Amino acid sequence: MLNIRWVLLLPLLAITLSEGSIAREPPQAQREKIELTSDHSPQDQPAAPLSQSARVSATIIGHQAIEYLIDARTGQSLELDLLSNHAQAGFRITAPAAPRALHKGHGQSAHFSTTLPRDGTYRVLIYLLHGAADKGESAEFALRIRLRNPG
């Protein structure tokens with residue numbers, strides 16, 4: 001049989017735990033579609049450019065996050081470089097319709113490269129890790145994105 005103290009404390013414990021989990025959920029990320037530009041010179045006009053790239057920079061504060069959307073095709077190589085003034089700046093890349101991240105990284109200089117598994121829109125989320133976000137810290141960052149066609 002439950003002790004009367006536990007009967008009185010259980011509802012309070014349930015409220016405390018649910019409030020804690022709500023407070024930890026990240027806010028909705030700002031979304032931005034990335035427009036890649038061809039890396040070849042204007043006089044070299046192949047049918048499809050061998051590579052395309054973009055560079056974006058911004059500042060995030062606390063639990064703020066920015067999600068960059070990149071349209072890509074199966075077999076293309078994706079390269080990401082994150083440079084930040086904060087060691088707790090992180091990124092997560094997710095493939096279209098994938099339940100889990102392809103990769104997670106963090107630090108003042110983080111690099112990721114892979115051959116893409118499917119066509120669609122890839123998502124790159126830039127954020128601060130929980131400890132820094134909870135303190136309201138900020139991070140300036142630059143993200144370099146490069147897509148290379150096979151061949």
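Values in this document were obtained by computation on a predicted structure and should not be read as measured data. Residues take their numbers from the sequence shown, with the count starting at 1.
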Problem - Heavy-atom closest contact (A101 atom, T94 atom, distance) - result: CA-OG1, 4.2 Å
Exercise for the section: Report yes if some heavy atom in the side chain of T114 is under 4.5 Å from a heavy atom in the side chain of H103; otherwise report no. Expected result: no
Handout entry: Residue pair L82 / R144, side-chain heavy-atom distance below 4.5 Å
Key = no
Completion exercise
Interatomic distance, CG@D119 vs CD@Q76, rounded to 0.5 Å, equals 8.5 Å
Handout entry: Heavy-atom closest pair, residues I61 and S138
Key = CG1-CB, 3.7 Å
Handout entry: Single hit among K33, R123, R92, Q30 for side-chain hydrogen bond (donor to acceptor under 3.5 Å, both in side chains) with E67
Key = R123
Fill in the blank from the handout: Smallest heavy-atom separation, Q88 atom then A132 atom, equals CB-CB, 3.8 Å
Fill in the blank from the handout: Here the pair of heavy atoms bringing A97 nearest to R118 is C-NH1, 4.3 Å
Practice task
Hey, could you give me the OG1/CG distance between T59 and N85, rounded to the nearest 0.5 Å?
Solution key: 7.5 Å
Exercise for the section: Would you sort out whether H86 and F141 count as a ring-ring contact (aromatic ring centres under 6.0 Å, His included), showing the intermediate values? Expected result: CA-CA 8 Å; H86 200 301; F141 68 89; over 10 Å; no
Handout entry: same_hphob_cluster(I126, L36) at 4.5 Å side-chain heavy-atom cutoff
Key = yes
Problem - Validation row: Y68, L143 side chains within 4.5 angstrom (heavy atoms) - result: yes
Practice task
Is it possible for you to say whether L125 and L129 belong to one hydrophobic cluster, with membership spreading through side-chain heavy-atom contacts below 4.5 Å?
Solution key: yes
Practice task
Kindly compute the distance separating CZ (R146) from CD (Q52), expressed to the nearest 0.5 Å.
Solution key: 11.0 Å
Problem - Closest contact, heavy atoms only, A139 versus S84 - result: CB-OG, 3.8 Å
Exercise for the section: Please answer: with hydrophobic residues joined when any side-chain heavy atoms are less than 4.5 Å apart, are I60 and V56 in the same cluster? Expected result: yes
Practice task
Report yes if the side chains of I34 and V124 come closer than 4.5 Å at any heavy-atom pair, otherwise no.
Solution key: no
Handout entry: Value rounded to 0.5 Å, distance of CG in D71 from CD in E35
Key = 8.0 Å
Handout entry: Distance, nearest 0.5 Å, that separates OG of S53 from CG of D81
Key = 11.0 Å
Exercise for the section: Could you state whether I66 and F112 fall into the same hydrophobic cluster, counting links through intermediate Ile, Leu, Val, Met, Phe, Trp or Tyr residues with side-chain heavy atoms under 4.5 angstrom apart? Expected result: yes
Handout entry: More than 12 heavy atoms from other groups under 6.0 Å of NZ on K135
Key = no
Practice task
First locate atom CG of L116, then atom CD1 of I70, and finally report the distance between them rounded to the nearest 0.5 Å.
Solution key: 9.0 Å
